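Note that this is a predicted model, so its numbers are computed, not measured. Quick note on labels: first sequence line is chain A, next is B, and so on, each numbered from 1. No hydrogens, no waters, no symmetry mates; every other heavy atom, side chains included, goes into these values.
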Amino acid sequence: MSTVLIKDLPAHIGQRVTVKGWLHQKRSSGKIAFLQIRDGSGFVQGVVVKDEVSDEVFHTAVGLSQETSIEIDGEVRQDERAPSGVELTIHQIAVVYASHDYPITPKEHGVDFLLDNRHLWIRAPRQRAILKVRAEIIKAIRGYLDSHDFTQVDPPILTPSSCEGTTNLFATSYFDEQAYLTQSGQLYMEAAAMALGKVYSFGPTFRAEKSKTRRHLLEFWMIEPEMVYVTHEESLVIQEQLLAHVVSHVLEHCSVELKVLQRDTSLLERVKAPFPRISYDEAIAFLQEQGHQITWGDDFGAPDETVIAKQYDRPVFIEKYPTEIKAFYMKPDPARPEVVLCADLLAPEGYGEIIGGSQRIDDPELLLARFKEHDLPEDAYAWYLDLRRYGSVPHSGFGLGLERTVAWICGLEHVRETIAFPRLLYRLYP
RNA sequence: UCCUCGAUAGCUCAGCGGUAGAGCAUCCGGCUGUUAACCGGAGGGUCGUAGGUUCGAAUCCUACUCGGGGAGCCA
């Protein structure tokens, strides 16, 4: 008798198989017991009928407690009443290890309690579905980039200084020196792009911000592509094609999970390239029309972004922000030096910014001038300046925030559910 | 850092000046198609901590601790 994954059971109808997993939930009456079994690949209901098994097996079934690990021997049966279309008629049950007083009951729980029990919470159907979708999103991103001549390069996590200013960094000791956990691999990826052409990094980044909102984690994962001889406009095309590919991949491969999450997939089906583009100027004018207190030169707040994103049924690019409020490495628009060749991509439904990108400064003189304006230590950035001294080229890149993308595609209230063990303000356990 | 809400049984909550409550979970009993099953019974509490007001405080006041939502910052 072979061990079969629950997700593969529909291909074994009529066969006797072994399922190895855990008891998720149980209901029993005097002469019949229903066991909800999970094995990581899915959920299935096993039925134990008193008259059809030994007293010992029925007694075991009725006495099973939540999350007991079990090996089930049973026959796969088609059943219209089952959500997955199949059930298991149970013949034998072997208890691997018992479980007593499992904390997460089939009732509602508060966020604090669930986060304290995150190591167990991830067993829940909804959490499992989110982690599966996250994995598929990562697979889709890699699939797209790997098949479009990108090479993955891994930038360091321990860094000597910041990428975008010296605040909000997690510091750690590096023997006699101070080191910081990276908040972006971008500058290193620019160096890698000069070596390999089109590159991307995928890894964790860290921001010691005291943010307590549904869109923030202290540790989150970013995909950061960097591309040589690619302009700002060409970068936007790559961004929208990448994201459209990710959404269609998830729709194709995660229908079961999206159903568990009760996601309205009709909203996702509209996410096709090209995405609408508006300028920062247009966005400011629109917000002023809507009565927002904002003037040219201000950055957008979360409510501003939500109002703009709600105008569209797919993600929207906001381009060409004032040079003043953006990072030092962004290339000014040659036609209008007061704005830079950058764009943020806002997800629909109020999920906020999921991509930030720009064309980078390629002129060594201008970059040096920016260092001075921003009070950046030249010696720490000498290597970065070298990239402009030894065969500088026009190049662009962007950073895609994984957790916000997962939250949007899954339709979640909060990014804390998008990663197995979220790092939140003042929460480092488990 | 600021604004705002909260902390009572293992969990989710009610009680808001006069003897500590419910549902779920747990344990025991019943039930042949359950889907957060249902029915009966039992056990389960230093009401976040410290002080104050009062004849009397879970309840009112003060401080602190911890947590939720939001702002700023950002992906």
Flag for [Y]-[X]: side-chain donor and acceptor within less than 3.5 Å:
| X | Y | result |
| --- | --- | --- |
| A/Q127 | A/E417 | yes |
| A/D299 | A/Y321 | no |
| A/Y329 | A/E190 | no |

Across the strands shown, which category fits [X] at heavy-atom distances under 4.0 angstrom: base, sugar-phosphate, nothing?
| X | result |
| --- | --- |
| A/L217 | base |
| A/A33 | nothing |
| A/H414 | sugar-phosphate |
| A/E209 | base |
| A/G301 | sugar-phosphate |
| A/D51 | base |
| A/H216 | base |

Considering only atom [atom1], compute the distance from [N] to [M] and round it to an integer number of Å.
| N | M | atom1 | result |
| --- | --- | --- | --- |
| B/rC60 | B/rU26 | C1' | 37 Å |
| B/rA71 | B/rU34 | P | 46 Å |
| B/rG15 | B/rC55 | C1' | 23 Å |
| B/rU59 | B/rG48 | C1' | 15 Å |
| B/rG40 | B/rA22 | P | 14 Å |
| B/rU8 | B/rC16 | C1' | 12 Å |
| B/rU53 | B/rU12 | C1' | 33 Å |
| B/rC61 | B/rG17 | P | 11 Å |

Check: A/W383 ring centre within less than 6.0 Å of A/Y188 ring centre: yes

Please confirm whether A/Y144 and A/F150 have ring centers closer than 6.0 angstrom. no

Audit row: A/R427, A/D112, salt bridge (Lys or Arg N to Asp or Glu O under 4.0 Å) steps and yes/no: CA-CA 10 Å; A/R427 188 183 282 281; A/D112 191 34; 2.6 Å; yes

Should the ring pair [X] and [Y] be called parallel, tilted or perpendicular, given that the plane angle runs from 0 to 90° and is split at 30 and 60?
| X | Y | answer |
| --- | --- | --- |
| A/H119 | A/Y429 | perpendicular |
| A/F170 | A/F206 | perpendicular |
| A/W296 | A/Y280 | perpendicular |

Grab the [atom1]-[atom2] distance between [X] and [N] for me, whole Å please.
| X | N | atom1 | atom2 | result |
| --- | --- | --- | --- | --- |
| A/L218 | B/rA75 | CG | C1' | 13 Å |
| A/W221 | B/rC74 | CH2 | C1' | 20 Å |
| A/D112 | B/rC13 | CG | P | 11 Å |
| A/Q66 | B/rA25 | CD | C1' | 9 Å |
| A/L425 | B/rG72 | CG | P | 16 Å |
| A/D304 | B/rA71 | CG | P | 11 Å |
| A/I294 | B/rG72 | CD1 | P | 10 Å |
| A/K210 | B/rG72 | NZ | P | 18 Å |

On RNA chain B, compare the nucleotides closest to A/L114 and A/E219; which residue's is nearer the 5' end? A/L114

Salt-bridged, A/K139 to A/D146, with N to O below 4.0 Å? no

Would one find a side-chain N or O of A/R215 under 4.0 angstrom from OP1 or OP2 of B/rG69? no

B/rA75 OP1/OP2 closer than 4.0 Å to side-chain N/O of A/R214: no

Minimum-distance nucleotide to [X] side chain [options: [options]]:
| X | options | result |
| --- | --- | --- |
| A/F113 | B/rC74, B/rC11, B/rG67 | B/rC11 |
| A/H109 | B/rA71, B/rG67, B/rC11 | B/rC11 |
| A/K212 | B/rG69, B/rU12, B/rG67 | B/rG69 |

Between B/rC73 and A/S211, counting only base atoms on the nucleotide and side-chain atoms on the residue, is there a donor-acceptor pair under 3.5 Å? yes

Which parts of nucleotides 33-43 of chain B does protein reach within less than 4.0 Å, heavy atoms only, written one letter per nucleotide 5' to 3' as B for base, S for sugar-phosphate only and - for none? BBSBB------

Donor-acceptor list for residues 403-414 of chain A side chains, cut-off 3.5 Å, not counting sequence neighbours:
residue : atom : partner : partner atom : Å
A/E403  : OE1  : A/W221  : N            : 3.0
A/E403  : OE2  : A/R134  : NH1          : 2.9
A/E403  : OE2  : A/R134  : NH2          : 3.3
A/E403  : OE2  : A/W221  : N            : 3.4
A/R404  : NE   : A/R215  : O            : 3.1
A/R404  : NH1  : A/E353  : O            : 2.9
A/R404  : NH2  : A/R215  : O            : 3.2
A/T405  : OG1  : A/G401  : O            : 2.7
A/E413  : OE1  : A/R214  : NH1          : 3.3
A/H414  : ND1  : A/R416  : N            : 3.0
A/H414  : NE2  : A/T213  : O            : 3.4

Name the stems with RNA chain B in them: runs of three or more consecutive Watson-Crick or G-U pairs, distances under 3.5 Å? B:1-7 with B:65-71, B:10-13 with B:21-24, B:26-30 with B:38-42, B:48-52 with B:60-64

Residues A/K20, A/D39; criterion salt bridge (Lys or Arg N to Asp or Glu O under 4.0 Å); working and verdict: CA-CA 6 Å; A/K20 298 179 178 177; A/D39 72 346; over 6 Å; no

